[in-house]
Asker: 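Before I ask anything, let me first share the structure, which is written out below as structure tokens.
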Amino acid sequence: MSRKVKWGVLGTAGIFEGCTCPGMLQAENCELYAIAGRNMEKAEKFKEKYGFQKAYGDYEELLNDPEVEAVYVALPNTLHYDWTIKALQKKKHVLCEKPIAPSAEQAEEMFKTAEENGVNLMEAFAYQHSPYISAIKQEIDSGIIGEIKYLDSAFITSDYNLNNIRMRRETLGGCTYDLGVYNTSLTLRLMGEAPMNVKAAGSFTEQGIDNYTTVIMEYKDGSKATLSCGMILATDLDKRIDRLEIQGTKGAIKALEFQFNGEGTLSYEVTTFDGTREVKEVQVPHNYRLEVEQMGRCITDGEKPAVSAEFSVTNAKIIDEILKEIKY
């Protein structure tokens with residue numbers, strides 16, 4: 001087995017505590033070395049709770065620690081660019097939460113900085129490491145449903161009270177940044193290319209963030225993909241709708257038991273137009289564990305990041321187009 005990589009975590013946000021931290025604790029090649037928060041008291045609490053060796057009340061101090069090999073950026077969207085660049089310039093490998101940057105231009109600069117400093121940068125789309133997504137992609141590539149004609153996905157959640165950073169314009173809140181990035185990246189993975197045209201419409205809250213956005217993507221072969229993302233279900237109840245369906249010229253694939261970042265036994269149905277129907281199950285480990293372990297192998301074994309620079313930049317360009325369409 002590969003050696004353990006010493007990780008430093010920037011931020012004490014919910015995404016770390018609820019999702020990535022459990023994955024890090026499960027990951028066989030991860031050592032929780034240092035945590036940094038905006039105040040020392042919270043960082044110390046996390047250190048004690050999760051077994052970090054060091055706590056810092058300042059992000060810069062963590063980056064100056066020579067023992068830290070890899071940094072997980074769990075900060076608000078507005079801070080991803082600055083702190084990722086700073087970490088890369090300190091020769092730290094970086095796993096940065098999605099969306100990697102507010103714009104494709106900034107994303108390109110971040111990957112360029114990683115290359116210049118000889119370190120890895122990967123956008124934290126944990127679900128992209130799921131064997132469930134890989135299995136569906138393999139079905140498409142096998143030709144069993146023929147050429148894709150239409151792909152539809154949705155990711156819709158509860159809305160949140162106004163204290164939540166997702167609900168504020170100045171912290172780059174809104175459903176496209178928070179949820180739509182999942183749909184666009186899933187569509188990009190399964191379609192295998194960027195769309196030729198993007199059309200979108202959004203509805204907005206009084207705070208100026210989009211709380212529901214719907215998108216049509218058109219491809220050069222005439223195929224279409226649609227997506228819906230929104231934060232409109234019952235407030236703070238953690239309700240959600242995750243949907244995926246793909247129609248081809250010979251058949252269709254429909255996600256049955258499916259959630260972005262879902263784990264356990266997930267299933268999908270393959271139907272062919274000549275009359276066969278098969279439900280297939282995939283055993284899925286904790287997605288965040290898979291992500292952290294893969295990033296670790298990039299550092300110790302020279303693997304290439306599963307979520308590549310090209311993929312993240314292309315996805316950021318699609319997001320740019322959606323935001324431009326909805327005038328966000």
Asker: Tell me, which pairs form a salt bridge (Lys or Arg N to Asp or Glu O under 4.0 Å) where one or both residues lie in residues 134-143, sequence neighbours left out?
Answerer: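 Qualifying pairs, neighbours excluded: Lys137-Asp141, Glu139-Lys280.
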Asker: Is it true that Tyr132 and Gln283 share a donor-acceptor pair across their side chains at a distance under 3.5 Å?
Answerer: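 No.
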Asker: Are side-chain N/O atoms of Asn183 and Ser153 paired as donor and acceptor at under 3.5 Å?
Answerer: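 The criterion, which ignores hydrogens and geometry beyond distance, is satisfied for Ser153 and Asn183.
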Asker: Between Arg297 and Glu303, is the closest basic N to carboxylate O distance under 4.0 Å?
Answerer: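 A salt bridge is present here (some side-chain N lies under 4.0 Å from a carboxylate O).
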Asker: Whether the Tyr288 and Asn261 side chains hold a donor-acceptor pair (N or O, under 3.5 Å, no angle test) is what I'd like checked.
Answerer: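 Yes, because at least one side-chain N or O of Tyr288 sits under 3.5 Å from a partner of the opposite role on Asn261.
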Asker: Determine whether a donor-acceptor pair (N or O, by modelled atom type, separation under 3.5 Å) exists between the side chain of Ser158 and the backbone of Ala234.
Answerer: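 At least one qualifying donor-acceptor pair exists.
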Asker: Before accepting this row, confirm whether a basic side-chain N of the pair Glu69/Lys92 lies closer than 4.0 Å to the acidic partner's carboxylate O.
Answerer: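 Judged by the 4.0 Å cut-off on N to carboxylate O distance, Glu69 and Lys92 do not form a salt bridge.
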Asker: Under 4.5 Å between any side-chain heavy atoms of Ile319 and Pro99, yes or no?
Answerer: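 A side-chain contact under 4.5 Å is absent here.
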Asker: Do Glu108 and Lys112 pass the salt bridge (charged side-chain N to carboxylate O under 4.0 Å, His left out) test, and can you show the C-alpha distance, the side-chain angles, and the key distance before you say yes or no?
Answerer: CA-CA 6 Å; Glu108 284 178 322; Lys112 187 168 174 251; over 6 Å; no
Asker: Test side-chain contact (heavy atoms from CB on, under 4.5 Å) on Val94 and Val119; report intermediate values, then the result.
Answerer: CA-CA 8 Å; Val94 178; Val119 287; over 6 Å; no
Asker: How about CZ on Arg169, more than 12 heavy atoms from neighbouring residues, nucleotides or ligands closer than 6.0 Å, or not?
Answerer: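 Yes, the 6.0 Å shell around CZ holds more than 12 heavy atoms from other groups.
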Asker: For Tyr150 and Thr226, does a side-chain donor sit closer than 3.5 Å to a side-chain acceptor?
Answerer: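 On atom types as modelled, these side chains qualify, holding a pair under 3.5 Å.
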Asker: Mind listing the closest non-hydrogen atom pair of Ile100 and Ala107 along with its distance?
Answerer: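 Ile100 and Ala107 have their closest heavy atoms at CG2-CB, 3.9 Å.
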Asker: Indicate, with yes or no, if the rings of Phe52 and Tyr33 have centres closer together than 6.0 Å.
Answerer: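 Distance test on ring centres: not under 6.0 Å, no.
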Asker: Could you walk me through whether Glu325 and Lys199 pass the salt bridge (charged side-chain N to carboxylate O under 4.0 Å, His left out) test, one step at a time?
Answerer: CA-CA 6 Å; Glu325 277 281 304; Lys199 297 185 172 82; over 6 Å; no
Asker: For the backbone of Pro66 and the side chain of Lys90, can you confirm whether one donor and one acceptor N or O come within less than 3.5 Å of each other?
Answerer: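 No, Lys90 side chain to Pro66 backbone: no donor-acceptor pair under 3.5 Å.
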Asker: Drop me the distance from Ile156's CD1 to Ile241's CD1, to the nearest 0.5 angstrom.
Answerer: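 Ile156 atom CD1 to Ile241 atom CD1 measures 4.5 Å (nearest 0.5 Å).
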Asker: When the ring planes of Phe260 and Tyr182 are compared, do they come out parallel, tilted or perpendicular, using 30° and 60° as the limits?
Answerer: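 Aromatic pair Phe260/Tyr182 classed tilted.
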Asker: Answer with yes or no whether the side chains of Ser203 and Asn211 bring together a donor and an acceptor at under 3.5 Å.
Answerer: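 Side chains of Asn211 and Ser203: pair found under 3.5 Å.
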Asker: Does Glu67 come within less than 4.0 Å of Lys6, counting only side-chain N to carboxylate O?
Answerer: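 So Glu67 pairs with Lys6 through a salt bridge.
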Asker: side-chain contact (heavy atoms from CB on, under 4.5 Å) for Leu227 and Thr184? Distances and angles first, verdict last.
Answerer: CA-CA 8 Å; Leu227 69 87; Thr184 56; 3.7 Å; yes
Asker: Is there side-chain contact between Leu244 and Tyr268, with heavy atoms separated by less than 4.5 Å?
Answerer: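 Side-chain contact under 4.5 Å: no.
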Asker: Quick check for you: to the nearest 0.5 Å, what is the distance between Met122 atom CE and Cys298 atom SG?
Answerer: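 Rounded to the nearest 0.5 Å, the CE-SG separation comes to 6.0 Å.
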Asker: Quick one about Arg189 and Ser134 (side-chain donor to acceptor, distance below 3.5 Å, no hydrogens or angles considered), yes or no?
Answerer: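 Present: a donor and an acceptor within the cut-off.
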Asker: For the pair Glu293 (side chain) and Glu28 (backbone), establish whether a donor and an acceptor sit closer than 3.5 Å, ignoring hydrogens and angles.
Answerer: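 Checked: pair present.
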Asker: Donor-acceptor pair, Asn64 side chain versus Glu60 backbone, under 3.5 Å?
Answerer: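 Confirmed, Asn64 side chain pairs with Glu60 backbone.
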Asker: Just by distance, no angles: are the side chains of Asn117 and Lys91 close enough, under 3.5 Å, to form a donor-acceptor pair?
Answerer: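 Yes, a side-chain donor-acceptor pair sits under 3.5 Å.
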Asker: Answer yes if Val313 and Val181 sit in the same cluster of Ile, Leu, Val, Met, Phe, Trp and Tyr residues linked by side chain heavy atoms under 4.5 Å apart, and no otherwise.
Answerer: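 No, it is not one cluster - the side chains of Val313 and Val181 are not joined through contacts under 4.5 Å.
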Asker: Does the side chain of Asp320 pick up a donor-acceptor pair with the side chain of Ser103 at under 3.5 Å?
Answerer: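 Note: Asp320 and Ser103 side chains miss the donor-acceptor criterion.
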Asker: Do the side-chain N and O atoms of Glu97 and Tyr72 include a donor-acceptor pair separated by under 3.5 angstrom?
Answerer: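 Yes, Tyr72 and Glu97 have a side-chain donor paired with an acceptor closer than 3.5 Å.
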Asker: Any luck finding a side-chain donor-acceptor pair between Ser312 and Asn315 under 3.5 Å?
Answerer: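 There is no such pair (donor and acceptor under 3.5 Å, judged by atom type) between the side chains of Ser312 and Asn315.
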Asker: Taking all non-hydrogen atoms of both residues into account, name the closest pair between Ala104 and Ala316 and its distance.
Answerer: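 In terms of heavy atoms, the two residues are closest at CA-CB, 3.6 Å.
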Asker: Do we get Arg166 above Tyr177's six-membered ring, with its NZ or CZ under 6.0 Å from the centre and within 45° of the axis?
Answerer: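 Not flagged: Arg166 not positioned over aromatic ring of Tyr177.
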Asker: If we count only N and O atoms by modelled type, under 3.5 Å, do the side chains of Tyr127 and Gln259 hold a donor and an acceptor together?
Answerer: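 The answer is no; no qualifying pair exists.
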Asker: Is there a donor-acceptor pair under 3.5 Å between the side chain of Gln128 and the backbone N or O of Ser185?
Answerer: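 Yes, the answer is positive, given that a donor and an acceptor are paired below the 3.5 Å cut-off.
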Asker: What is the minimum heavy-atom distance between Ile326 and Ala201, and which atoms define it?
Answerer: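 Minimum heavy-atom contact is CG2-C, 3.6 Å.
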Asker: Within the 4.5 Å heavy-atom criterion, are Leu10 and Leu62 side-chain neighbours or not?
Answerer: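 With C-beta onward as the side chain, the pair touches.
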Asker: Taking the side chain as every heavy atom from C-beta outward, state whether Thr176 and Tyr328 have any pair of such atoms under 4.5 Å apart.
Answerer: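 Heavy-atom side-chain distance check fails, nothing below 4.5 Å.
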Asker: Would you find more than 12 non-hydrogen atoms of other residues, nucleotides or ligands less than 6.0 Å from Glu105 atom CD?
Answerer: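 Counting other residues, nucleotides and ligands, CD of Glu105 stays at 12 neighbours or fewer.
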Asker: Taking atom CD as the centre, does Glu147 end up with more than 12 heavy-atom neighbours from other residues, nucleotides or ligands that are less than 6.0 angstrom away?
Answerer: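 Counting other residues, nucleotides and ligands, CD of Glu147 stays at 12 neighbours or fewer.
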Asker: If you take all heavy atoms of Met191 and Ile148, which pair is closest and at what distance?
Answerer: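 Minimum heavy-atom contact is SD-CG2, 3.7 Å.
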Asker: When you compare the side chain of Lys54 with that of Tyr56, does any pair of heavy atoms fall below 4.5 Å?
Answerer: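 When only atoms from C-beta onward are counted, Lys54 and Tyr56 do touch, with a gap below 4.5 Å.
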Asker: Rounded to the nearest 0.5 Å, how far apart are CD1 of Ile209 and CZ of Arg168?
Answerer: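 Ile209 atom CD1 to Arg168 atom CZ measures 10.5 Å (nearest 0.5 Å).
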Asker: For salt bridge (charged side-chain N to carboxylate O under 4.0 Å, His left out), just list the numbers for Arg240 and Asp238, CA-CA rounded to whole Å, side-chain angles, deciding distance to a tenth of an Å, and then say yes or no.
Answerer: CA-CA 7 Å; Arg240 57 190 279 177; Asp238 201 22; 5.9 Å; no
Asker: Applying side-chain contact (heavy atoms from CB on, under 4.5 Å), run through Lys220 and Met196 and close with a yes or a no.
Answerer: CA-CA 6 Å; Lys220 59 177 180 280; Met196 193 172 64; 3.8 Å; yes
Asker: Please determine whether salt bridge (charged side-chain N to carboxylate O under 4.0 Å, His left out) holds for the pair Asp152 and Lys254, giving the CA-CA distance in whole Å, both sets of side-chain angles, and the decisive distance to 0.1 Å.
Answerer: CA-CA 10 Å; Asp152 174 58; Lys254 186 174 185 178; over 6 Å; no
Asker: May I ask you to decide if Gly296's main-chain N or O and Thr300's side chain share a donor-acceptor pair within less than 3.5 Å?
Answerer: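 Yes; judged by distance alone, with no hydrogens or angles, the pair exists.
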Asker: Locate the shortest heavy-atom distance separating Leu121 from Ala114; write the atom from each residue and the value.
Answerer: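 Where Leu121 meets Ala114 most closely, the heavy atoms are CB-CB, 3.8 Å.
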Asker: Is the number of heavy atoms from other residues, nucleotides or ligands within 6.0 Å of CD (Glu116) greater than 12?
Answerer: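 For Glu116, atom CD is crowded (more than 12 foreign heavy atoms under 6.0 Å).
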Asker: Just so I know, are the side chains of Pro285 and Ser130 near enough to count as touching, which here means a heavy-atom distance under 4.5 Å?
Answerer: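 Counting from C-beta outward, Pro285 and Ser130 never come under 4.5 Å.
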Asker: For the residue pair Val284 and Gly262, what are the closest heavy atoms and their distance?
Answerer: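 Looking at all heavy atoms of both residues, the shortest contact is CG1-O, 3.4 Å.
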Asker: Among side-chain atoms of Ser228 and Tyr212, is any donor-acceptor pair under 3.5 angstrom?
Answerer: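 The criterion, which ignores hydrogens and geometry beyond distance, is satisfied for Tyr212 and Ser228.
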Asker: Is the side chain of Gln294 donor-acceptor paired with the backbone N or O of Ala306 at a distance under 3.5 Å, no angle test?
Answerer: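 Pair found, side chain donor or acceptor close to backbone of Ala306.
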Asker: Are the side chains of Thr78 and Glu170 in touch, meaning some heavy atoms are under 4.5 Å apart?
Answerer: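 Thr78 vs Glu170: side chains apart.
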Asker: Would you check if the side chain of His93 reaches a backbone N or O of Asn120 as a donor-acceptor pair within less than 3.5 Å?
Answerer: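 Checking the backbone N and O of Asn120 against the side chain of His93, a donor-acceptor pair under 3.5 Å is found.
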Asker: Checking Asp210 side chain against Thr213 main chain: does a donor-acceptor pair fall under 3.5 Å?
Answerer: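 The answer is no, because no donor-acceptor pair under 3.5 Å joins these two groups.
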Asker: Can you check whether Phe155 reaches Cys175 side chain to side chain, under 4.5 Å on heavy atoms?
Answerer: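 Phe155 does not reach Cys175 side chain to side chain.
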